[in-house]
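Every heavy atom of this structure was used, including side-chain atoms; hydrogens, water molecules and symmetry mates were not. Throughout, protein chains are lettered first and strands after them, A, B, ... in sequence-line order, and every chain is numbered starting at 1.
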Amino acid sequence: MRRLLSLGIFLMLLAGWACTEEEDATVVVATEEVVFVSGEKIRVLGRLITNQPISASDHGFQLSTSEDFSSPILVSLGIKEGPGRFIGETAGLAINQRYFVRAFASVDGVELVGETIEIQTLSPVIESYEPTFAKAGEEIIIQGRNLPDGTRVFFGNQEATVLQNLFESRLRVRIPEAAGEPLVKVRVQIQDQVLEFGQAFEYQSGKYTLLGQFPEGQRIYGNVFFDNQSGFFVGLGTRRLDAGYYQGFQRLDPQSGTWTPVSFPAESRVGAFATSNYLGGGVIEIDREVFDFKRDFWRIDGSTFTQLPNLPTNSLNSLAFELNGELFLAGGEGVGTRTVWRYSPNAQSWATQSPAPIDISNSLAWFTKGNKAYFIASDSAIWEYTPASDSWRILTFYPGSLGNGYGMAQVVGDKVYIGLYRRVEQVWELDFNTLAWKAKNFIPGLPQSINAGYFTFEGQIYILRAPEESIAGILPMELYRFDPNGI
Amino acid sequence: MLKRLINLFLLLPMACIDPYEVTVPDGQQLLTVEGLIHTGPGPHAITLTRSDTYGSVFEGLIRPVTGATVVVRDDEGRITFLAEGQDSRGSYFTPVGFQAEIGKSYTLQIQTADERVYTSLPERVESVPEIEDIGVKTVTIPVEGEIIPRSGVQLISEINDPADQNNFYFWRLSPVVHVLEARPDLFTDREFRTSAPKDCCSVCYRTESTGNQSLFIAQDDNFNGLNTRIPAAFIEDNGLRFVNTLRVDLKQYAISQEAFRFLRLVKQQAEISGSIFDPPPATIRGNMISLDNPDEVVLGYFMAAGESTRRIYISKADLTFQQNAGIIPDDCRTVSGASVNPPFDWNP
């Protein structure tokens, strides 16, 4: 009986063991959320959920343009030990395209997939760029949306270098060299789609062409220059380092580019004044800071000089300009820095005008336009003088550096080009209609150069540049042609 | 003899007990994100900090995360860059003109100075009903051992809950402005300890941030589609705020279900009182993810919400119980945030 009882207990134990069933591991792959969609990139969250230790030989995401996931794009994240969240990212998708995405995991040779999420990649958008005016080599910032890596930017037909793409919305781009046109369209290419900004980009322009040198390699200082129908005249003054006065003039024919000597029927001098039709004043330096003032006054007719009655005053480094057929002589030593004289050729008489509100000498850049004269004062204010009313007013302010004075100002149509002050290589363009300023390209050559003369011919500015007197070496004066709109 | 030996052997194991040293690992310095963008006028702030070990003694310092690139991106790919505050390092502000748009989804993207990249899950901006009215209720809170209870004003938001959507509400307060009354005539020179009455000034307008004493959130399971009144804020009476008039803007936000869940868990954790019925402390997962390591724990939540706001002026007559008025024996302008000039739009 006892044996039977023991056997019964033993069999019951066996029966209990036999009833223990192994619970199957539940493994679920979930496609949780698409956290990022742009033009060609997506980022998806997935999760491997299980109640057992698990090792997936691969996991990741599948993308396809068809809902049945035929020929899918595989975002493989490799082996995954244990459950948890995973994140996948892929780029290079087509813009504005519908895709289907789902998570997957390969467990024990079985591929498990999550639910399918439908997405639509976005279209790229360009919004703005700045600056809209700059020079090659500088940078612009393009603002937009969904501009993926690999976005290309063109200035006209020139491709630019994309230096940085920040969050697919802000491109930092280096401006390429211009291809001959100052105004170009900026285009952004994303895959096969090309977007173009409405506002054209403007290159900082201004092309300098070295035409040649002043004859005989001479460098002259304290000289005068003027232009008339016969050409461009540069002369008088002294040779470098007190090597004597430069006698007469050299005349440039801007069409042929040839220089021709022109004699002057009087003594050479420094600090004289000259306009297209008149020349006079100046000094001969007898000793250091001791001057012999020259009051002789000449009318210029082409390349010939006719003497007129002497000036009513000494004149050194004065500034002269012609308006309405009359000569105005202003500032400098002798005349007085705020005195303005007016010469009437018909009566051959001189009369003083109302005093100038600024100190004037030939160190100021100046120009005439529309029977008015303009002076860039030492505080950068541009003063307008109206001879008809003998009145002065401030027109605007010069934005550039005045350096050490002696800048250039030349009028081409409705634009005025001001700059090239001593130790300043910069030129600015003033639009006389809008009074807007625009920077032009820097002049090449020796930075320590000064203007020995300048004139305008057929919309282009000719500039004779001389190294500063203290600069040693065989450095002749160079003649440049400046095309304001050239690239 | 044998009995004595057994007793002796019993004593021996007791001498062999070694003390057990508990080694507690240092807390990780986790990125913590706190921010809300909404449909109201900006700037809106996102604050980034690094958590540190918390203990009974000073362990570490919660440090701001500076020098990060923080952007908010909408579901059309439009990016808004946030700028770090000059005076509040670690806080990043949207441009002044930025306002979230209802119906759009936004994600927060962060690139820290050490090149780690984080993103939030998309948060959709839901529309929010207007605050129809704000009710005021005086609340007293007994304090053990004190005769005078704590007290303050509870603001009650009256809303017409829309029936066609599941709404989740969250309320915050703007900085309050209140009339501050002082007694400059009672000023005492501290150096000489003599009375030195001042001529000015006894009345100022003080701006201060009171915060909200708790998290005020609600979901419309019980009042969907109905007009209802819900406690939305509490302003404690400190003896100075309600001596005359106080002004505050109540801001009501429609947040996502996930954000509501997060705030509710935070509220539960914050209001643990030590009872056996308290929920166990736990890390509350937010909606921020590290792209470099999805398993990295990132604390906090980025919220995007619709906002409606309503202004209320509370007079001392509106309170049924007041704290004893505090006395400031000095020029009221010496109190921080106080000015003799009222705000330009002060219109009680």
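Within a 6.0 Å sphere centred on CD of A:Gln97, other residues, nucleotides and ligands contribute more than 12 heavy atoms. By the 6.0 Å contact criterion, CG on B:Asp221 is enclosed, its count of non-hydrogen atoms from other residues, nucleotides or ligands being greater than 12. Residue-environment remark: CD1 (A:Ile79) stays at or below the threshold of 12 foreign heavy atoms within 6.0 Å. Applying the 6.0 Å contact sphere to CD of A:Glu67 captures no more than 12 heavy atoms from other residues, nucleotides or ligands. B:Glu296 CD: more than 12 foreign heavy atoms inside a 6.0 Å radius. The environment of CG in A:Asp108 is sparse: at most 12 heavy-atom neighbours from other residues, nucleotides or ligands sit within 6.0 Å.
Across B:Thr107 and A:Val35, no two heavy atoms sit closer than the pair CG2-O, 3.7 Å. Between A:Leu122 and B:Asp75 the shortest heavy-atom distance is CD1-O, 3.6 Å. Contact record, A:Asn146 with B:Glu76: ND2-O, 3.1 Å, taken as the closest heavy-atom pair.
Here the CD atom belonging to A:Glu33 is positioned 7.5 Å from the CD1 atom belonging to B:Ile289, to the nearest 0.5 angstrom. Note that CG of B:Leu121 and CD of A:Glu32 are 8.0 Å apart. Values are rounded to the nearest 0.5 Å. The CD atom of A:Glu168 sits 8.0 Å away from the CD1 atom of B:Ile79 when rounded to the nearest 0.5 Å.
Within the cation-pi definition used here (under 6.0 Å to the ring centroid, within 45° of the axis), B:Arg73 does not qualify as a partner of A:Phe167.
When heavy atoms are compared at a cutoff of 4.5 Å, A:Val125 does not approach chain B at all. Interface remark: A:Leu147 contributes no atoms to any contact with chain B (heavy atom separation under 4.5 Å). Only the side chain of A:Glu127 comes within less than 4.5 Å of a heavy atom of chain B; its backbone N, CA, C and O stay farther away.
Exactly one of B:Asp292, B:Asp295, B:Asn293, B:Leu291 qualifies for a side chain to side chain contact (heavy atoms under 4.5 Å, CB included) with A:Ile87. That residue is B:Leu291.
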